[in-house]
2 protein chains.
Amino acid sequence: MGVKSYGQFCSVAKALDIVGDRWTLLVLRELLVQGPCRYTDLAHGLPGIASNLLSDRLRMLEDAGLVRREAAPPPVATTLFHLTERGRATEPVIAALARWGISYVDSVPGVEDEFRPYWFPHSVSAFLHDRPPGTDPATVQLITPIGSWAIEVVGPTPEVREGVADAPDLVLEGHPRLIIGLLSGSSTLEESVDGGLSVRGDAAVLGSFPLIPT
Amino acid sequence: MGVKSYGQFCSVAKALDIVGDRWTLLVLRELLVQGPCRYTDLAHGLPGIASNLLSDRLRMLEDAGLVRREAAPPPVATTLFHLTERGRATEPVIAALARWGISYVDSVPGVEDEFRPYWFPHSVSAFLHDRPPGTDPATVQLITPIGSWAIEVVGPTPEVREGVADAPDLVLEGHPRLIIGLLSGSSTLEESVDGGLSVRGDAAVLGSFPLIPT
DNA sequence: CGGCATCCTCTTTGATACTG
DNA sequence: CAGTATCAAAGAGGATGCCG
């Protein structure tokens with residue numbers, strides 16, 4: 001099982017020998033954003049995966065030393081899948097993919113994509129970057145049908161946390177799709193409002209907002 | 001052609017919808033490290049790829065706007081495959097994979113991997129990082145059967161260039177495998193010397209060398 | 001229920017051969 | 001040089017069954 005090695009003396013090829021199979025990187029994404037998972041948690045976060053494939057992928061990741069299987073104590077009373085240190089080290093790969101892929105999230109409108117609420121803050125933080133020195137602190141509150149999150153730019157690294165901030169400079173309310181579209185730059189503020197996004201507060205904050213430079 | 005979409009509202013999944021197919025990221029690697037390529041240059045840099053697959057991948061990358069096909073003027077007189085801006089933007093993904101995969105390059109000793117000399121400096125630079133302020137400048141000369149490169153740490157970002165430096169602090173000579181093993185930390189200096197690496201000069205330079213922290 | 005294993009069909013791949 | 005064409009083998013997807 002697993003796919004044939006590329007057989008190249010190149011670290012990119014070697015990496016893909018291990019995590020390049022279909023679904024593998026998404027299994028790692030789930031473990032990164034959900035933390036330790038039961039088998040069914042993983043299956044739920046990977047809609048469409050065949051059960052035998054999830055099983056195969058977990059075994060391969062275990063063999064490669066990226067995932068560890070642990071029998072959880074009574075309250076859970078089942079096996080949990082954990083990332084090892086080496087598995088957690090794939091985070092920069094996932095993050096790079098998340099940043100590159102953000103412009104495509106909005107761009108397949110006809111298809112009804114699956115969605116899990118806990119993916120959303122991860123998508124948002126993927127295109128925040130360290131603010132340049134001298135930037136004013138700012139808080140942007142996101143309110144969606146599937147949850148609320150606050151982006152807080154206080155220290156050098158912006159943080160996305162679940163919940164509602166005290167005195168946000170800006171409140172964006174609407175479908176996650178609209179918020180992603182606006183923050184990623186694929187829609188203008190005007191287009192987003194036309195599409196149904198509610199914008200309250202100081203929209204100028206967006207201008208100085210620490211997005212990833214496109 | 002191409003693999004079925006994951007159908008997830010997640011930027012990682014969207015990215016993998018486009019670059020997640022087998023061979024696709026390696027085609028991008030070739031275009032990144034070789035620059036604009038003819039079809040046969042790509043085929044040569046991707047040993048083992050079937051011609052129809054290379055053809056498919058190039059068409060998919062073109063359709064997705066990552067690659068542009070151009071008729072080159074007379075001296076070349078054939079079509080060249082270029083990366084677009086969007087294609088070049090995958091570089092952080094490739095780099096993250098290269099860094100993560102570096103520890104596996106050395107670890108499949110039995111297999112005879114394919115090798116292309118121009119991959120080597122790219123592998124080396126993948127695990128160099130910006131030096132901390134106050135680090136002394138240093139030059140390390142690499143000499144291998146397939147070429148020589150100099151790592152120069154002068155400005156904040158180390159540079160790998162082809163050729164021979166004037167007065168290197170350290171010279172490492174041997175098979176690329178040995179050098180990668182040493183620089184990536186998977187072999188000690190002693191093991192590398194035992195394995196046939198020749199080390200001349202100030203080996204202490206390695207200690208202060210700006211490697212990616214493991 | 002959680003964690004698979006099996007069986008079956010369909011798509012993608014790999015290898016080789018051939019062409020404008 | 002830059003692909004197509006063909007075909008066998010492998011992997012993916014889907015359904016269902018099993019076992020603690």
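Naming: A, B, ... by sequence-line order, numbering from 1 per chain. Worth saying up front: this structure is predicted, and the values here are computed from it rather than measured.
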Enquirer: What I want to find out is whether Glu91(A) reaches Arg88(A) closely enough, with some N-O distance under 4.0 Å, to be called a salt bridge.
Expert: no

Enquirer: Are side-chain N/O atoms of Trp119(B) and Gln34(B) paired as donor and acceptor at under 3.5 Å?
Expert: no

Enquirer: Indicate the atoms forming the closest heavy-atom contact of Ala165(A) with Gln141(A), along with that distance.
Expert: N-OE1, 2.6 Å

Enquirer: Just how far, in rounded Å, is C1' of dA12(D) from CG of Asp21(B)?
Expert: 12 Å

Enquirer: Side-chain contact, heavy-atom cut-off 4.5 Å: Val154(B) with Glu159(B)?
Expert: no

Enquirer: When the distance from CE of Met60(B) to C1' of dG3(D) is rounded to whole Å, what number comes out?
Expert: 17 Å

Enquirer: Please report the interatomic distance NE2(His122(B)) to SG(Cys10(A)), rounded to the nearest 0.5 Å.
Expert: 8.0 Å

Enquirer: Just N and O in the side chain of Arg69(A): are any of them under 4.0 Å from OP1 or OP2 of dC4(C)?
Expert: yes

Enquirer: Return the nearest nucleotide to the side chain of Trp23(B); candidates are dT4(D), dC4(C), dT13(C).
Expert: dT13(C)

Enquirer: Find the bend of the helix from dC1(C)-dG20(D) to dG20(C)-dC1(D) as the angle between its two terminal axes (five pairs each), to the nearest 10°.
Expert: 30°

Enquirer: Mind calculating the distance between OH (Tyr39(B)) and P (dG20(C)) to the nearest angstrom?
Expert: 17 Å

Enquirer: So which one's nearest nucleotide on DNA chain C is more toward 5', Tyr6(A) or Asp41(A)?
Expert: Asp41(A)

Enquirer: Between protein and nucleotides 15-17 of chain C, what N or O pairs are separated by less than 3.5 Å?
Expert:
from	atom 1	to	atom 2	distance (Å)
dA15(C)	OP1	Lys4(A)	NZ	3.0
dA15(C)	N6	Asn52(B)	ND2	2.9

Enquirer: Side chain of Arg22(A): nearest nucleotide among dC1(D), dG13(D), dG14(C)?
Expert: dG13(D)

Enquirer: Evaluate the criterion side-chain contact (heavy atoms from CB on, under 4.5 Å) for residue pair Leu83(B) and Thr90(B); output intermediate values, then yes/no.
Expert: CA-CA 10 Å; Leu83(B) 287 179; Thr90(B) 60; 5.7 Å; no

Enquirer: From CZ of Arg57(B) over to P of dG3(D), roughly how many Å is that when rounded to an integer?
Expert: 15 Å

Enquirer: Whole Å only: how far is the CZ atom of Phe81(A) from the P atom of dG2(C)?
Expert: 12 Å

Enquirer: Do Tyr39(B) and Ser55(B) have side-chain N/O donor and acceptor atoms under 3.5 Å apart?
Expert: no

Enquirer: If the condition is ring pair (Phe, Tyr, Trp, His ring centres under 6.0 Å), which residues does Tyr118(A) pass it with, not counting sequence neighbours?
Expert: none

Enquirer: Quick check: do Val19(B) and Leu66(B) have side-chain heavy atoms less than 4.5 Å from each other?
Expert: yes

Enquirer: For Arg38(B) and dG3(D), what is the distance between atoms CZ and C1' respectively, to the nearest whole Å?
Expert: 15 Å

Enquirer: Please determine, for the side chain of Arg59(A), which listed nucleotide (dG13(D), dC4(C), dT4(D)) has the closest atom?
Expert: dC4(C)

Enquirer: Starting at CG of Asp56(B) and ending at P of dA5(D), how long is that distance when rounded to a whole Å?
Expert: 11 Å

Enquirer: Counting C-beta onward and ignoring hydrogens, is there a side-chain heavy-atom pair between Tyr104(B) and Ile18(A) closer than 4.5 Å?
Expert: yes

Enquirer: Nearest to the side chain of Leu53(A), heavy atoms from C-beta on, is which of dA12(D), dC4(C), dT4(D)?
Expert: dA12(D)

Enquirer: Between Leu58(B) (CG) and dT4(D) (P), how many Å, whole number?
Expert: 10 Å

Enquirer: To the side chain of Thr78(A), which of dG3(D), dA5(C), dG3(C) is closest?
Expert: dG3(C)

